[in-house]
Amino acid sequence: QQQVKQSPQSLIVQKGGISIINCAYENTAFDYFPWYQQFPGKGPALLIAIRPDVSEKKEGRFTISFNKSAKQFSLHIMDSQPGDSATYFCAAAYSSASKIIFGSGTRLSIRP
Amino acid sequence: SQTIHQWPATLVQPVGSPLSLECTVEGTSNPNLYWYRQAAGRGLQLLFYSVGIGQISSEVPQNLSASRPQDRQFILSSKKLLLSDSGFYLCAWSAGPGGYTFGSGTRLTVV
């Protein structure tokens with residue numbers, strides 16, 4: 001029940017295309033869903049986050065879509081650029097806990 | 001502003017040697033602190049977390065230990081390193097659930 005399942009494991013997208021990464025969770029007590037971006041040799045950095053009271057959040061080219069009934073959320077990267085090539089982690093947390101649960105990560109490569 | 005420092009950046013240690021990795025946070029009080037390990041091309045494995053001085057929660061039984069001697073200091077240790085301890089070690093802090101800030105990591109190679 002604590003797991004966050006992320007797919008795909010790796011993804012190759014042409015420059016200018018849309019990158020989509022999906023995550024699913026079981027624990028309905030989760031109330032915070034962040035996405036992290038990690039470049040090689042660096043620590044992950046918070047990219048964008050959403051709470052379950054909204055179905056979508058957009059920041060620039062990055063959008064989180066949230067489906068509470070399906071217990072799924074996804075990251076969409078519009079007009080994908082080579083600089084977006086990185087590993088992306090979805091995560092889930094609930095307010096009473098001290099830690100968050102990470103997905104297994106998606107290695108995204110944007111081809112020029 | 002808050003900053004997190006983690007060192008060293010890279011480390012090569014022989015099997016059986018001790019380990020000490022240090023992480024410090026500046027600009028905040030009573031942070032939650034975390035140690036993660038990431039194997040090459042793999043996900044983030046939570047090793048330890050701490051919600052206060054002297055309070056350590058272990059997530060995975062292993063050859064490592066953690067200590068929090070001061071409010072903003074978190075130390076990862078081992079008495080005798082194993083080959084399987086190689087990996088990318090990340091320290092992180094948060095003021096609450098979800099808002100993690102990660103350090104720049106330590107690449108540990110056990111030879």
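Numbers restart at 1 for each chain; the letters A, B, ... are given by sequence-line order, proteins then strands.
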Test item: A:Tyr36 side-chain N/O and B:Tyr100 main-chain N/O as donor-acceptor pair under 3.5 Å: yes
For chain B, the option from A:Ala49, A:Gly41, A:Ala45 that forms the most heavy-atom pairs under 4.5 Å: A:Gly41
Winner by heavy-atom pair count (cut-off under 4.5 Å) against chain B, out of A:Gly43, A:Pro44, A:Ala91, A:Ser104: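 Most heavy-atom pairs within the cutoff with chain B belong to A:Pro44.
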Value rounded to 0.5 Å, distance of CZ in B:Phe74 from CH2 in B:Trp35: 8.0 Å
From OG (B:Ser94) to CG (A:Leu46), nearest 0.5 Å: 11.5 Å
A:Gln9, CD atom: more than 12 neighbouring heavy atoms under 6.0 Å: no
Region of B:Gln38 in contact with chain A, defined by heavy-atom distances below 4.5 Å: side chain
Portion of B:Leu90 that has a non-hydrogen atom of chain A nearer than 4.5 angstrom: side chain
Ring-face cation of A:Arg51 near A:Tyr32 (centre distance under 6.0 Å, axis angle within 45°):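 No - A:Arg51 does not lie over the ring of A:Tyr32 by the 6.0 Å and 45° rule.
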Top of B:Ser104, B:Ala92, B:Gly103 for chain A proximity - count of heavy-atom pairs under 4.5 angstrom: B:Ser104
